[in-house]
Structure formats: structure tokens, C-alpha cells
There are 2 protein chains.
Amino acid sequence: MSANRSTDPSTDSIVHSGDDLTEAEFLARYDAGAYERPSVTVDMAVFTIREGRLAVLLVLRGGHPFRGRWALPGGFIGPDESAEVAAGRELAEECGAELAARAHLEALDHYTDPDRDPRTRVISLAYVAFVPDAPDPTAGDDAAAARFWILDDLVGPEAPELAFDHDLILADAVERVRSRIEYTTLAATFLDEPFTIAELRRIYEAIWGVTLDPANFHRKVRNSDGFVIAAEGRATPTLGRPAALYRRGPASTMHPPILRPDPT
Amino acid sequence: MSANRSTDPSTDSIVHSGDDLTEAEFLARYDAGAYERPSVTVDMAVFTIREGRLAVLLVLRGGHPFRGRWALPGGFIGPDESAEVAAGRELAEECGAELAARAHLEALDHYTDPDRDPRTRVISLAYVAFVPDAPDPTAGDDAAAARFWILDDLVGPEAPELAFDHDLILADAVERVRSRIEYTTLAATFLDEPFTIAELRRIYEAIWGVTLDPANFHRKVRNSDGFVIAAEGRATPTLGRPAALYRRGPASTMHPPILRPDPT
DNA sequence: CCAAAAGTGTTATGAATACACCCATGG
DNA sequence: CCATGGGTGTATTCATAACACTTTTGG
């Protein structure tokens, strides 16, 4: 603590000894403005499936810094809202309210390098969100454009360089979603209900970038208690036997998990 | 964004249109003080093993707010340090530098409820740390006392009520460490080198609160590539056959994992 | 009838469990 | 030689992977 004393509001003796005050008195006299504070943003990796592949929502920055670079959508946390509320609000503004209502939002990590933003000290709280295949959003006021990028198009020499440390955040987010669908039922949140087991399998294939055995996948999902529940009716395929329809079940985790195939 | 415009430094038009500036000019004119900012702390759940059971470091608060309550150690982030550096610094101050140097520190989550701190808006970045069995730390200036609490002593009617939302953070941290040792080699960081397989097993038993089959555990650890590597010599037991000694191996994850026994 | 996709059956392999059994030491 | 904990062998059970096979539709 001593190394940080001048900026540390928990070191009460700098403000007031406090020893002779009740907690109510202490709080009434507390001066919140006496210390240097970082700015705090939420940044979101909003995933969906596009052309059978994993895609993430990026916005083209219309203002400084990093004007003209693609970035994860996000914004500063309001003084009276939690980070999760702020993320939901931003998502609604980027993708529309009805889509945000269906999205599953989940805390990812925090990014705190003092130099990660050239303006000032900015700490980012990162979230991941999963939405069913959705139309491209309309750009907000401070973004020149907003669209889903297929992840494969973000690697290689043609790929845009992202603003801030968003390439790092995105890499963490991709790994998170890839490992998360192994032992949770999250993959189903990428689909509109009702859906078929094969559609769910294509979600896994898109996120992992592999092909899975349809027969074994079908069995695993059906045997996983509460993952999916049968719905009325049949899918109307362009070809082949019509598939049974399902909805998301009550379970949020799977035992045993559906493990990624060994990339060997 | 529009709902939050007045506190949002990314909405450049409020500060300056920016359109006619280079990025360098924009940054030179940027006023970081124009927006309301939260305070940001790091809080740590520092785990060790005490009396064969999982224990966590708590400090008794000497000042307001929550004076006289036990809390996770932590402190405010300095203006020029990352959260990880801040956590390491705080840990060194609480537990001693040599112990902090051996500790494995890992980001847990962030806690952002606007009302979680009665003083002002405070966002907490939570970390978990794992240290070999260590002497009780000496309390720092702003703590009346600091000691390891066996986790089982923190439940029940006799248990102290923690400050802030630290009971929630601690619950998340415990679940994290319990699941983390399933598929990482983290448990070995609770031990001084060299150690025996049985000592490692007792770490798992302490963290999960179960008893494990010594024979099967031994095989799983030995078969897990890079988890442990053989060291010279033998342990000198009080009873029974002397055990072989090992050091931490290069692997950080395990395939397949060592799964918790079903609590059924 | 044929093609194609959905879904079931069957076998082989690999890991986990339970537990019998051997090993190495101190008393 | 006995008690105790370290460590290996082995049979059973269970999940997975591979793939043959059946079902159900449209053309």
C-alpha cells in the first residue's frame, strides 16, 4: 500500500483518521474526488455464424484515436450502471434491442495495461456475446460502419489491424467461446428456436473449424441431460429425411462434455 | 452510446469534432479530466493449505468503511501500473516479497455493481493466487490483523460476515480454484519443491474436500505428460515406504484432466 | 428407384474405478 | 515380523470413435 499511498482512498489516514467517527459520519465526509482514477470501458466480442463460419461484430472507428481502424464495439461505463448493464445497452445500440434481448452475455476478462489507450488510462472490461444469425447492424453515431467479420478473414496479410489491443481481446474471446461450448450448452444460443440437431452440429463445426461425425454428435446431444428438448413438427429440408425439431433445454452445463477433436 | 453521451470520452464530438485534426493533435488536446470515472481496486483471494484444508488470506479492516470486518486483501490500482502488477505489489506487502515471487497469480473476474462500495463508485478486479504453506503474514498499516482462514470456518453461524461483496468474490474464487486444478497443473504451485505424489494428492483432497484413491491418483499424475518430473532422493516418512520426489513439470494444462469425483 | 440427409446399431479402443497385491521402511 | 504408507497389476465399467446400416423424404 505504501508505494501507492497518495492515490489510495482506502488508506483512510490520508483523508481522515476515521477512528473517532461512526461509519455514517465517515461516509458523509468522504471525498471521492481526491484520487486519480482510470477510465473504464466495456468492450464486447459479439459472435454469430455467417456463411457457416464463426463471425464477430466490428465497428469502423469514425473518430480519434485509431480513426479508420476496425474495433470491437464498446463504450464507457455510466456512473450508475454495472458493466453488464452497460454492455447490454451498448449491444442493443449496435445490434438492435430485440437481438440484444436474445443474446447471452458473459464476462470475459479485464485489460489493464497502463498504455493500452493513447488518450489516457483506460481499463477495459471485456464481454463475449452470442446471437443467432442476424442482419448486419446499422452504424451508431460514433462509428463509420458496423458489420460482422468472418473470423478467418481477420488473419493473413489482407486482414485489418484492429484498434487498441482489440486483437488480443478478440483472441481471448475466440478461445473462450471455443472452450465454453465444450462443457456448456451455450452453442444453442447461436440458433433461433426451433432448431435441428444438425443445425446445432454446424454451429460446433463453425466455431471449432472442424467436421464432426453426425451420428455420434446426435447421440451425444440427445444423451446430454437437459441440453435440448423435443419440439413439435419436422424441418422441411431441401434434400433428405426431415429432421426432428428441438428447443434449448434447462441445462447450462454438460456432464460429460462434448470435447473438441484432437487437432492432430 | 447516446444514453451515456455526457460521460463518454469516446464520443469525440463532445470534446472536439476531431475531423480536421491528426491523431497526434487530437491526443495533445484530449482532456482526460472531463468525465466521471469510477475508482478501481484489485482484490485477491490468496489460497494456501492449512491443517490439510483449503485456507484463504483475510485482513481485518482497521478503518472505515466496514471497520472491524474481515475482507480480502487488496487496494487501489496506481495510475501507472497494470492490475496484475498492482495485485503482485499488494500480495508482496501482505505476505512478503519472497512468497509473492513464488505465487501464481491469475485474473478471476470483475465486480461492478454501482452500490458495492458505500464510499463511491468502485469497480473491483479480482485475482486468485496460490502459495505454498506459509507463515501468517504481518498486518499492514491499514489492516488491524491478517491471517489465513480455513474455508470451512467461514461458513455457519460462527462465521464472520465479510466486508463489501467479498463473500461473493470468495465464492467465485473457490469455485475457480476447484475447477482449475482439474485441467491445469496449478495444484503443484501449492507445494514447495521437491514434493511427493502423496503430498500433491493431499492438495487435491484439501481443495475438493474429498478423499482420493492413492493408487489411481498416482497413476494419473505420472501419466499426465509434463505435470511432474522426477527429482533426486527420497522423502523421509515417519511411517511406511519412502516416497519418490518430484518437481513441477513444464506442462500447464492436462489432457485428459483429473476430474472431481461425482459428489453423489 | 435413387440420392441425400437423419438417425440407430455395433464394435473396438482408451480412460476411470475399485481393489487386490507387492514394496520399502521404522519400530 | 508387523504396521504403514508408497506404488503396481488387473478386471470391470463406461464413454468415445469409426463406420455399417436403416429410415424418410423429394425428385
Side-chain angles (χ1 to χ4, degrees), chain A residues 52 181-183 191 194-206 208 210-247 251 253-264, chain B residues 52 181-183 191 194-206 208 210-247 251 253-264:
Chain A
I181 62 172
E182 288 189 321
Y183 51 94
L191 289 170
F195 52 85
T196 69
I197 302 285
E199 284 165 351
L200 183 58
R201 172 168 50 80
R202 284 187 272 273
I203 299 293
Y204 274 88
E205 291 175 334
W208 285 341
V210 298
T211 60
L212 301 173
D213 184 301
N216 292 332
F217 182 85
H218 187 274
R219 226 183 326 242
K220 277 199 229 184
V221 169
R222 296 294 325 264
N223 289 344
S224 187
D225 218 51
F227 193 171
V228 297
I229 51 182
E232 293 296 309
R234 299 260 144 186
T236 54
T238 58
L239 194 60
R241 168 176 168 176
L245 294 173
Y246 297 88
R247 298 179 183 281
T253 61
M254 285 188 283
H255 326 287
I258 299 180
L259 293 174
R260 268 179 275 194
D262 217 339
T264 55
Chain B
I181 62 172
E182 289 189 320
Y183 51 93
L191 290 170
F195 52 84
T196 69
I197 301 286
E199 284 165 351
L200 183 59
R201 172 169 48 82
R202 283 187 271 273
I203 299 293
Y204 275 88
E205 292 175 334
W208 285 341
V210 299
T211 60
L212 301 173
D213 183 303
N216 293 331
F217 182 84
H218 188 274
R219 227 182 327 241
K220 277 199 227 183
V221 169
R222 297 294 325 264
N223 289 347
S224 187
D225 219 49
F227 193 172
V228 297
I229 51 183
E232 293 294 307
R234 300 261 144 188
T236 54
T238 56
L239 194 59
R241 170 178 170 176
L245 294 173
Y246 297 87
R247 296 179 184 282
T253 60
M254 286 188 283
H255 326 286
I258 300 180
L259 293 174
R260 268 179 275 194
D262 217 337
T264 54

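Chain naming here is simple, since letters A, B, ... match the order of the sequence lines and numbering starts at 1 in each. None of the values given here were measured: they were computed from a predicted structure.
The two residues A/P194 and A/R247 come nearest to each other via the heavy atoms N-NH1, 4.3 Å. Across A/T196 and A/A235, no two heavy atoms sit closer than the pair CG2-CB, 3.7 Å. The two residues A/I181 and A/Y204 have their closest heavy-atom pair at O-OH, 2.9 Å. Across every non-hydrogen atom of A/I197 and A/F217, the tightest pair is O-CE2, 3.7 Å.
In this structure, B/L239 places its CG atom 16 Å from P of D/dC2, rounding to the nearest Å. As rounded to whole Å, 12 Å separates atom P of C/dA6 from atom OH of A/Y246. The nearest whole Å value for the distance from the CG atom in B/L259 to the C1' atom in D/dT13 is 16 Å. Put simply, NZ on B/K220 is 17 Å from C1' on D/dG9, counting in whole angstrom units. Between the CD1 atom of B/I258 and the P atom of C/dA15 there is a distance of 14 Å, rounded to whole Å. As rounded to whole Å, 20 Å separates atom C1' of D/dA15 from atom OH of A/Y183. The CG-P distance, from A/D213 to C/dA5, rounds to 14 Å in whole Å. Regarding A/D262, its CG atom lies at a distance of 11 Å from the P atom of C/dA15, rounded to whole Å.
Between D/dG6 and B/H218, no contact under 4.0 Å exists linking OP1 or OP2 to a side-chain N or O. When the side-chain nitrogen and oxygen atoms of B/R201 are compared with OP1 and OP2 of D/dG6, one or more of them lie within a distance under 4.0 Å.
When distances run from any side-chain atom of B/A243 to the nucleotides D/dT16, D/dG6, D/dT25, the shortest one goes to D/dG6. The A/R241 side chain lies nearest to D/dT24 when the options are D/dT16, D/dT24, D/dG5. Listed nucleotides: D/dA18, D/dG7, C/dT17. Nearest to the side chain of A/N216: D/dA18. Checking C/dT10, C/dC19, C/dG7 against the side-chain heavy atoms of B/R219 singles out C/dC19 as nearest. Taking only side-chain atoms of A/P242, from C-beta outward, the nucleotide of C/dA18, D/dT24, C/dA15 with the closest atom is D/dT24. Picking from C/dA6, C/dA20, C/dT8 the nucleotide with the shortest atom distance to the side chain of A/A215 gives C/dT8.
When the nearest nucleotides of DNA chain D are assigned to B/R202 and A/G240 by heavy-atom distance, the more 5′-ward of the two goes with B/R202.
Heavy atoms of A/R222 sit nowhere under 4.0 angstrom from any nucleic acid atom. When heavy atoms are screened at a 4.0 angstrom cut-off, B/N223 is found touching no nucleic acid atom at all. Among the protein residues, B/P237 comes within range of no part of the nucleic acid, since none of its heavy atoms lies under 4.0 Å from any strand. When heavy atoms are screened at a 4.0 angstrom cut-off, A/A198 is found touching the sugar-phosphate backbone but no base atom.
A heavy-atom distance below 4.5 Å is found between the side chains of B/F227 and B/L200.
Judged by distance alone, the side chain of B/Y246 and the main-chain N or O of B/R222 form no donor-acceptor pair under 3.5 Å.
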